[in-house]
Every structure is written in structure tokens, then in C-alpha cells.
K.L.:
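What follows is a single structure, and I will ask about it in a moment.
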Protein chains: 2
Amino acid sequence: MTEQEKSTEDLIFNAAREEFIEKGFDGARMQEIAKRASINKALLHYYFRTKEKLFDAIFDKVFKIFMPKVLDVMQSDAPLFTKIEVFIESYIRLIMENPHIPSFILHELNRNPDRLVGLFGNVAGIVKEKGFSRFSEAVNEEIKKGTIVPIQPEQLIVNIIGLCIFPFIGRPIIQGVIFNGDKLQYDNFLESRKKEVTKFIINAIAVK
Amino acid sequence: MTEQEKSTEDLIFNAAREEFIEKGFDGARMQEIAKRASINKALLHYYFRTKEKLFDAIFDKVFKIFMPKVLDVMQSDAPLFTKIEVFIESYIRLIMENPHIPSFILHELNRNPDRLVGLFGNVAGIVKEKGFSRFSEAVNEEIKKGTIVPIQPEQLIVNIIGLCIFPFIGRPIIQGVIFNGDKLQYDNFLESRKKEVTKFIINAIAVK
DNA sequence: GTCTATACACTGATAGAC
DNA sequence: GTCTATCAGTGTATAGAC
């Protein structure tokens with residue numbers, strides 16, 4: 001399907017996704033979305049009625065595309081170390097392809113935490129039940145076997161995800177302060193992180 | 001100085017700080033700031049002329065209070081492990097007292113990265129020169145001595161700060177998905193993190 | 001310095017022709 | 001389905017009295 005053949009709804013959706021991700025809900029403008037989609041404002045409301053409903057459609061889709069990736073690896077039967085290794089590499093790669101998504105999700109979730117409730121029973125619930133519980137069991141087994149040091153699975157999962165996501169959320173300050181604003185240095189930093197974070201975490205929990 | 005004796009400028013400033021931190025620049029309303037300060041809108045403009053200037057005053061102050069804390073520990077002469085240990089505990093404690101500041105700074109810095117340039121030569125520059133360079137040297141020395149594994153100081157500092165900050169930025173999703181929305185569990189999680197993060201990092205880099 | 005009243009621009013949303 | 005025109009509401013900012 002070429003750009004010209006896309007349905008108007010898709011045009012609007014993609015334009016809105018860009019605008020909302022760049023500016024956030026409060027900063028986004030319906031006029032700007034219409035401009036990006038090369039249509040007029042009235043048509044936005046014809047398809048999605050309100051800005052809020054349009055935003056909801058975007059947020060749900062982005063969230064549902066982004067979160068389940070966590071599961072693909074977490075619920076596999078591979079050994080814990082392998083799981084972690086594969087997760088980190090694929091997750092950082094995923095974020096590198098969509099570097100503004102984490103800030104977008106976290107900021108909008110903070111603006112309206114109740115949004116999570118609407119996602120429960122759907123993605124959030126699945127992440128917890130099929131993803132985290134499974135991960136949690138695997139961690140506790142390894143602790144019992146003595147292959148990793150004692151650690152709460154909740155602390156470990158937050159450490160893993162935080163180490164993957166933080167460099168993107170904190171990009172302006174990292175690139176600005178640590179790398180003197182040099183984009184290339186920052187990009188190299190990200191690239192080498194895929195292996196560095198894995199090494200770091202394995203070191204932190206492995207019993208040697 | 002009691003609440004009544006505070007200058008109008010301070011009243012405005014504190015009201016604006018709350019509003020901006022809660023809603024961000026785009027979401028904040030001058031009317032709401034006036035209401036919080038128990039004055040009228042016109043007076044806001046009398047003291048700060050524009051919303052932008054008022055915001056700048058807030059952001060600068062918050063940033064300058066929050067960032068230098070990183071230095072207090074980083075530039076000390078204590079051994080690296082002690083530095084890290086003291087930093088993590090005091091930094092997580094500081095954020096627990098101001099849990100919304102990290103999201104605020106990172107979001108607004110993302111909205112307008114050029115803001116950092118204005119802070120350069122001031123705080124950002126100091127953080128880099130006196131804080132990071134000093135830290136970087138200490139790390140490389142320990143690597144040479146063989147007490148820690150080889151690691152780029154840039155990776156290590158981002159890991160340390162990320163592990164401290166991320167639980168606060170990701171609060172809605174962590175509390176919602178991992179702790180079923182239970183605030184108490186989340187608070188306990190934060191509390192134990194002060195020691196858990198330290199252990200985690202020392203484990204990750206120490207040669208045993 | 002502080003207030004009330006108001007100007008002025010912009011935003012989300014709708015009406016109605018085609 | 002798509003457009004132009006327009007409304008009602010809200011937001012920042014200013015004028016002017018006290």
C-alpha cells in the first residue's frame with residue numbers, strides 16, 4: 001500500500017501519533033495534526049469526535065505494541081541468564097527504533113494514572129500474570145540453586161528495565177552533560193550499551 | 001517567617017512550582033497558580049511578566065537545587081565504593097522527598113533541550129567538570145588497580161543514576177503492574193532499594 | 001502593590017453546503 | 001467523506017482605578 005492509497009483514518013492516526021509523541025497531550029494541537037495529515041480540522045472530529053478520544057486510540061495502540069515485547073522473552077523456557085541477555089538486547093534495539101516512546105508512555109501515565117486501569121485485564125494484566133510471575137519463579141529457582149545471589153524479583157526486573165529505558169528518557173542531559181552535546185558519542189554509547197548492560201546485570205547477580 | 005509573612009513573590013513562586021511540577025509547562029494554568037497563591041492573575045504578570053519567564057525561574061531553581069547534590073559525594077576524596085554507597089543512599093532519599101522532580105526535569109528538558117545550553121557554564125558545566133571528570137578518574141584508577149572490572153565511567157554513572165531515578169519516573173506502571181496498585185508495597189520497595197541498589201552495583205563491578 | 005475589567009489570540013468542536 | 005465558516009470557551013496578557 002503506497003502513501004497515497006492509505007485510508008484517511010490511517011493518515012490521521014499516523015499524524016496524531018507523531019504529534020502526541022512529540023508534544024504530549026497538552027502540547028499537541030488538533031490544527032497541527034490536521035496539517036501533518038494534509039486534511040482539515042473538521043475531518044479529525046468526524047473520525048474521532050474529540051482530542052481525548054483520538055489520544056486514547058493512539059496511546060492504547062502504542063502501549064499495546066510496546067509492552068508485550070517484554071513478554072516474548074520473559075515467558076520463554078530458556079535459562080534465566082539467556083532470558084535476560086536476549087531481553088536486554090532486543091528491548092534496547094526496540095527502543096532505539098522508537099526512542100521517544102518511553103518518555104511518552106511514562107509522562108502520559110503520570111498525567112493520568114487511571115489510564116492503566118483501563119488497560120488492566122488487557123495488556124497490563126497479561127504482562128503481570130504471564131510475564132512477571134513466570135520471571136519471578138525463574139529468579140527464585142536460581143536463588144535456591146545457588147546460581148544467583150538472593151534478590152527480590154521486583155528489584156531485579158525494575159533494574160533491568162530501568163537500565164534499558166533510562167538512557168532514552170534522560171537523553172538531553174546525558175548527551176548534553178556527559179558527551180558535550182555530541183550526538184555521535186551518544187549513539188555509540190547506546191550501541192555499546194546492549195552488551196554492557198547485559199554484562200553489568202549478569203555480574204551483579206551471578207554467584208562466581 | 002510564618003506563612004502570612006511570606007512575600008507575594010515567594011507565594012507566587014511556590015504556587016507556580018507546585019503547578020508546573022504537577023502539570024508541566026503546557027498543562028499548567030496561570031489562573032490555577034493565582035488560585036494556589038490566593039492572589040489574582042494580573043499580579044502574576046506584574047511580578048514575572050510572562051508564563052514562560054515564570055517557568056524559567058522555577059526550572060532554573062529546581063534544577064540548580066537538585067543537580068549539585070550529585071556533586072557533594074562525587075567530588076569527595078572517599079574511596080570509590082564509599083562514594084557510590086553514600087551517593088545512592090542520599091540521592092534516593094532526596095528523590096523520595098521530591099518524587100516528582102525527576103519526571104519534571106526530564107520532561108521539560110525533552111520539550112526544550114536548548115534550555116540546557118542556558119544552564120551550561122553554570123550547573124551543568126560544574127557537574128561535568130568537577131563531578132563527572134573526578135568520578136571518571138576514580139573509576140579508571142580502580143580498574144588499573146584491579147579492584148573493579150573494566151567499565152566505561154559513562155556507562156557506570158548512567159547505570160547508577162538510572163537505577164536511582166527510574167523507580168520514580170516509572171511509578172504508575174511499577175506500582176500498578178508489579179504491586180497491583182498497592183501504595184504500601186511500592187513504598188516498601190523504594191525503602192529497601194537504598195541498600196539493594198548499592199549491593200547490586202557493587203556486585204556488578206567488584207572483582208571478587 | 002493589588003485589584004477588576006477587558007482585550008486579544010487560539011483551541012476544540014460543530015453547522016451546514018457540497 | 002470532505003470542505004469552509006464559525007461558535008463558544010479558555011488562555012495569556014494588559015489597562016487603568018485604587
Side-chain angles (χ1 to χ4, degrees), chain A residues 1-62 104 107-108 111-112 114-115 118, chain B residues 1-62 104 107-108 111-112 114-115 118:
Chain A
M1 185 160 29
T2 71
E3 193 71 20
Q4 282 72 24
E5 287 162 337
K6 271 181 186 162
S7 71
T8 303
E9 189 164 342
D10 284 346
L11 280 176
I12 293 174
F13 194 90
N14 290 329
R17 196 188 54 224
E18 289 175 18
E19 174 77 358
F20 280 130
I21 288 175
E22 273 179 35
K23 316 259 182 72
F25 180 81
D26 290 326
R29 294 292 170 255
M30 295 297 267
Q31 175 59 53
E32 179 63 23
I33 294 173
K35 189 178 156 194
R36 288 189 198 233
S38 305
I39 49 140
N40 57 71
K41 273 195 298 179
L43 214 48
L44 293 181
H45 291 93
Y46 173 80
Y47 277 94
F48 291 91
R49 283 199 63 79
T50 68
K51 183 184 182 186
E52 188 75 39
K53 285 190 204 305
L54 174 54
F55 179 83
D56 286 348
I58 306 288
F59 188 87
D60 274 34
K61 191 160 187 184
V62 168
F104 170 70
H107 181 255
E108 297 301 337
R111 193 179 63 88
N112 180 11
D114 290 340
R115 201 176 295 279
Chain B
M1 184 162 25
T2 70
E3 195 71 21
Q4 282 72 26
E5 286 164 338
K6 273 181 185 163
S7 71
T8 304
E9 189 164 343
D10 284 346
L11 280 176
I12 293 175
F13 194 89
N14 290 329
R17 197 187 53 224
E18 289 176 18
E19 175 76 358
F20 279 130
I21 287 174
E22 273 180 35
K23 317 259 183 73
F25 180 81
D26 291 326
R29 294 291 169 255
M30 296 297 267
Q31 175 58 55
E32 179 63 24
I33 294 173
K35 191 177 156 193
R36 288 189 198 232
S38 306
I39 50 141
N40 58 70
K41 276 192 296 178
L43 215 47
L44 294 182
H45 291 94
Y46 173 79
Y47 278 93
F48 292 90
R49 284 199 62 78
T50 68
K51 183 185 181 184
E52 188 73 40
K53 286 190 202 304
L54 175 54
F55 179 83
D56 286 348
I58 306 289
F59 188 87
D60 273 33
K61 191 160 188 184
V62 168
F104 171 69
H107 181 255
E108 297 300 338
R111 194 179 64 87
N112 181 10
D114 290 341
R115 200 176 295 279

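What you see is a predicted model, and the numbers here were worked out from it, not measured in a lab. In what follows, every chain begins at residue 1, and chains take the letters A, B, ... in the order their sequences are listed.
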K.L.:
By nearest atom, which of the nucleotides C:dC3, C:dG1, D:dC3 is closest to the A:I39 side chain?
P.N.:
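For A:I39, the side-chain atoms sit closest to D:dC3.
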K.L.:
Tell me whether the OP1 or OP2 atom of C:dT14 has a side-chain N or O from A:H45 closer than 4.0 Å.
P.N.:
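A:H45 to C:dT14 OP1/OP2: no side-chain N or O under 4.0 Å.
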K.L.:
Could you state the atom-to-atom distance from CZ of A:F48 to P of C:dT14 in whole Å?
P.N.:
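In whole Å, C:dT14 P and A:F48 CZ are 15 Å from each other.
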K.L.:
Grab the two heavy atoms, one from A:K53 and one from A:T50, that are nearest each other, plus how far apart they are.
P.N.:
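In this case the closest contact between A:K53 and A:T50 is N-OG1, 3.0 Å.
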K.L.:
Classify the nucleic acid contact of B:Y46 as base, sugar-phosphate or nothing, counting any heavy atom under 4.0 Å across all strands shown.
P.N.:
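Answer is base: heavy atoms of B:Y46 come under 4.0 Å of a base.
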K.L.:
Expressed as a whole number of angstroms, how long is the span from B:K51:NZ to D:dT14:P?
P.N.:
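It works out to 15 Å between those atoms.
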K.L.:
Rounding to an integer number of Å, can you tell me how far A:Q31 CD sits from D:dG11 P?
P.N.:
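So the two atoms are 20 Å apart, to the nearest Å.
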K.L.:
Are B:H45 and B:M30 close enough that some pair of their side-chain heavy atoms sits under 4.5 Å apart?
P.N.:
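B:H45 reaches B:M30 side chain to side chain.
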K.L.:
Please determine if a side-chain N or O atom of A:N40 lies less than 4.0 Å away from the OP1 or OP2 oxygen of D:dC3.
P.N.:
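So the side-chain polar atoms of A:N40 do come within 4.0 Å of the phosphate oxygens OP1 or OP2 of D:dC3, strictly under.
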K.L.:
Among A:F55, A:F59, A:F104, find the residue that satisfies the ring pair (Phe, Tyr, Trp, His ring centres under 6.0 Å) test when tested with A:F25.
P.N.:
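The residue from A:F55, A:F59, A:F104 that satisfies ring pair (Phe, Tyr, Trp, His ring centres under 6.0 Å) with A:F25 turns out to be A:F55.
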K.L.:
If you check every side-chain atom of A:A42, which of D:dT4, C:dC3, C:dG12 has the closest atom?
P.N.:
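Between D:dT4, C:dC3, C:dG12, the one nearest the side chain of A:A42 would be D:dT4.
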K.L.:
Atom NZ of B:K35 and atom P of D:dG11: how far apart are they, to the nearest Å?
P.N.:
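B:K35 atom NZ is separated from D:dG11 atom P by 12 Å.
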K.L.:
D:dT14 phosphate, OP1 or OP2: any side-chain N/O from B:R49 under 4.0 angstrom?
P.N.:
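For D:dT14, OP1 or OP2 has a side-chain N or O of B:R49 closer than 4.0 Å.
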K.L.:
Given atom NZ of A:K41 and atom C1' of C:dA15, what is their separation to the nearest angstrom?
P.N.:
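Nearest whole value for this atom pair: 14 Å.
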K.L.:
Provide, to the nearest angstrom, the distance between the CZ atom belonging to B:R29 and the P atom belonging to D:dT10.
P.N.:
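These atoms are roughly 11 Å apart.
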K.L.:
Calculate the interatomic distance between B:M30 atom CE and D:dT14 atom C1'; express it in whole Å.
P.N.:
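It is 12 Å, rounded to the nearest whole Å.
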K.L.:
Should the pair A:R36-A:E18 be classified as a salt bridge under the 4.0 Å nitrogen-to-oxygen rule?
P.N.:
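Between A:E18 and A:R36 there is a salt bridge, with a charged N closer than 4.0 Å to a carboxylate O.
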K.L.:
Check whether any side-chain heavy atom of A:K23 sits under 4.5 Å from a side-chain heavy atom of A:E32, and report yes or no.
P.N.:
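In short, these two side chains touch, coming nearer than 4.5 Å.
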K.L.:
Under 4.0 Å, heavy atoms only, any strand: does B:A34 hit a base, just the sugar-phosphate, or nothing?
P.N.:
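The residue B:A34 makes no contact with any strand.
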K.L.:
Does a side-chain N or O from B:T50 land closer than 4.0 Å to OP1 or OP2 of D:dT12, or not?
P.N.:
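The answer is no; no side-chain N or O of B:T50 sits under 4.0 Å from OP1 or OP2.
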K.L.:
Could you check how far CD1 of B:I33 sits from P of D:dG11, rounded to whole Å?
P.N.:
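It works out to 12 Å between those atoms.
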